[in-house]
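Only one structure is covered here, and it is reproduced in the block below.
In what follows, every chain begins at residue 1, and chains take the letters A, B, ... in the order their sequences are listed.
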There are 2 protein chains.
Amino acid sequence: MATAITPLRGRDAADTKDRLLDAAERLFAERGFSGTTMRAVTQAAGVSVSAANYHFGSKDALLAATIGRVVVPVNQARFERLAALEQAAGDGPLDLEEVLDAFLRPAIEKRGEAFRQVAARLFSDPPEVVVALKKEHFGDVSDRFVPALARALPGSDPSRVALDFQLLVGLMVHVISGQLDTNPYSGPYRVPEGEDLIRSTVRYAAAGFRS
Amino acid sequence: MATAITPLRGRDAADTKDRLLDAAERLFAERGFSGTTMRAVTQAAGVSVSAANYHFGSKDALLAATIGRVVVPVNQARFERLAALEQAAGDGPLDLEEVLDAFLRPAIEKRGEAFRQVAARLFSDPPEVVVALKKEHFGDVSDRFVPALARALPGSDPSRVALDFQLLVGLMVHVISGQLDTNPYSGPYRVPEGEDLIRSTVRYAAAGFRS
DNA sequence: GTCTATAGTTGGATAGAC
DNA sequence: GTCTATCCAACTATAGAC
């Protein structure tokens with residue numbers, strides 16, 4: 001099938017890039033990296049394959065740009081919230097729930113399924129594809145939040161805090177990837193949303209850290 | 001490149017199927033479903049593509065068989081352990097840590113990275129591929145364990161228990177998929193293994209359920 | 001900056017010999 | 001039951017017109 005794309009020559013470059021990133025975000029989220037083709041992305045964006053390669057150079061680079069656009073503002077919000085907590089605490093201890101909230105809220109709160117799921121792909125797609133991206137986008141987060149959590153748990157074993165942080169990441173990934181909706185359970189169960197979901201996750205994680 | 005497979009005509013069928021399942025298990029675990037090709041699987045197994053299609057019919061069916069071989073015995077062990085706990089408890093309440101152990105141990109304890117990671121793919125690969133498999137293999141597990149957990153938490157809100165079970169699944173997936181190893185954190189941190197890992201996960205989850 | 005057209009590769013699946 | 005050879009579709013990426 002010849003796709004017959006409207007040949008809008010004068011289309012704005014920034015607009016085309018955004019359209020591609022929007023489509024890539026949705027499709028990578030739904031189907032993963034290997035399961036998504038450049039054709040599917042460009043068709044969803046209403047542009048040609050060549051336009052995508054002109055703007056991003058390769059499928060790998062498109063993934064990196066897509067992940068970056070999703071993750072960077074989330075991490076910025078995390079750092080800002082944590083910095084505010086540290087400033088307010090002065091020399092005293094940090095509040096555990098507040099630190100967990102600073103970590104979880106920016107990720108869970110984002111509107112749009114795709115926006116959250118594509119970030120979760122960072123932890124579920126094949127290693128060779130995402131290992132560099134994970135290091136780039138998540139290394140600083142770990143290095144900032146693990147010590148902060150230790151400071152919120154006076155007298156705790158640093159190695160235990162590091163492990164519990166890894167388990168916290170497991171909770172976060174599961175929640176933001178929308179798995180709460182899809183696990184089969186036939187009993188009565190309503191998936192919480194928004195503020196409820198954030199509070200439930202903070203509650204669960206905080207108890208784990210204090211155990 | 002012509003693969004030049006040794007043409008062992010008299011090779012045993014069961015052996016070939018096992019070799020294919022072994023290879024598929026490892027590759028699906030490492031690369032996911034879309035990221036794994038039939039050629040890669042058959043080459044790793046030392047058989048031809050046709051042999052795989054003869055035995056399984058399609059790539060989809062190979063995935064279903066691979067997942068089934070991994071997950072069924074794990075779930076059997078879960079059910080046996082839970083049944084034993086219920087029998088021992090009689091009419092009294094169940095012990096939360098023991099129920100969580102019955103759920104987590106069979107999955108975490110399995111030897112072999114691939115064996116565990118391929119099960120985790122059930123929760124991370126694209127929905128259209130695994131949704132039916134997830135329902136088939138995980139529906140009964142949820143329906144058995146959610147009530148058991150509620151019984152271990154007298155007076156609890158059933159809907160809260162169902163949510164906390166979903167979070168437990170998030171912990172399990174993260175642990176068995178080996179993500180504890182790969183998240184970047186530059187501080188001191190040793191990944192626990194075996195019994196330590198099971199106990200740490202049970203501890204963390206139990207606290208969440210009790211919170 | 002965006003398109004059409006196509007190169008070059010690799011994918012899943014099958015036909016048919018043995 | 002297993003192979004070789006092959007079909008055809010779909011893939012990423014690029015060349016070149018506009």
Those residues of residues 57-69 of chain A lying under 4.0 Å from DNA chain D by at least one heavy atom: A:Ser58, A:Lys59
Side chain of A:Ser48 - closest among D:dT2, C:dT2, C:dG11: C:dT2
Whole-Å distance separating the NE2 atom of A:His55 from the C1' atom of C:dT2: 8 Å
Under 3.5 Å: donor-acceptor pair, side chain of B:His174, backbone of A:Gln166: yes
Sugar-phosphate, base or nothing in reach of A:Thr36, heavy atoms under 4.0 Å: sugar-phosphate
Presence of B:Tyr54 side-chain N/O under 4.0 Å of D:dG1 phosphate oxygens OP1/OP2: yes
Which nucleotide in C:dA13, D:dC11, C:dG1 has an atom nearest any side-chain atom of B:Asn53: C:dA13
Rounded distance [0.5 Å steps], NZ in B:Lys59 versus CE in B:Met38: 8.5 Å
Closest-nucleotide 5' rank along DNA chain D - winner of A:Ser50 and B:Lys17: B:Lys17
Atom pair distance, as rounded to whole Å: CG in B:Asp18 and P in D:dT2: 12 Å
Under 3.5 Å, which donor-acceptor pairs do the side chains of residues 61-80 of chain B form with other protein atoms, sequence neighbours left out?
| residue | atom | partner | partner atom | Å |
| --- | --- | --- | --- | --- |
| B:Thr66 | OG1 | B:Leu62 | O | 2.6 |
| B:Arg69 | NH1 | B:Asp22 | OD1 | 3.2 |
| B:Arg69 | NH2 | B:Asp22 | OD1 | 2.8 |
| B:Arg69 | NH2 | B:Glu25 | OE1 | 2.9 |
| B:Asn75 | OD1 | B:Arg78 | NH1 | 2.9 |
| B:Asn75 | ND2 | B:His137 | O | 2.8 |
| B:Arg78 | NE | B:Phe103 | O | 2.8 |
| B:Arg78 | NH2 | B:Phe103 | O | 3.3 |

Of B:Ala14 and B:Arg39, the one whose closest DNA chain D nucleotide lies more 5': B:Ala14
By salt bridge (charged side-chain N to carboxylate O under 4.0 Å, His left out) - contacts of A:Asp164 (at least two apart): A:Arg160, B:Arg203
Nearest-Å distance for atom pair CD/P, residues B:Gln43 and D:dT4: 12 Å
Atom-to-atom span, CG of A:Leu20 to C1' of C:dT2 - whole angstrom: 11 Å
Interatomic distance where CZ belongs to B:Phe56 and P belongs to C:dA13 [whole Å]: 13 Å
Gap between atom CD1 of A:Ile176 and atom NZ of A:Lys110 - 0.5 Å precision: 12.0 Å
Spacing between B:Arg31 atom CZ and C:dT10 atom P, to the nearest angstrom: 14 Å
Aromatic contact, A:Phe165 with B:Tyr189 (centres under 6.0 Å): no
Phosphate OP1/OP2 of C:dG1: any A:Thr16 side-chain N/O under 4.0 Å: no
Near-ring test B:Phe28/B:Phe33, centroid separation under 6.0 angstrom: yes
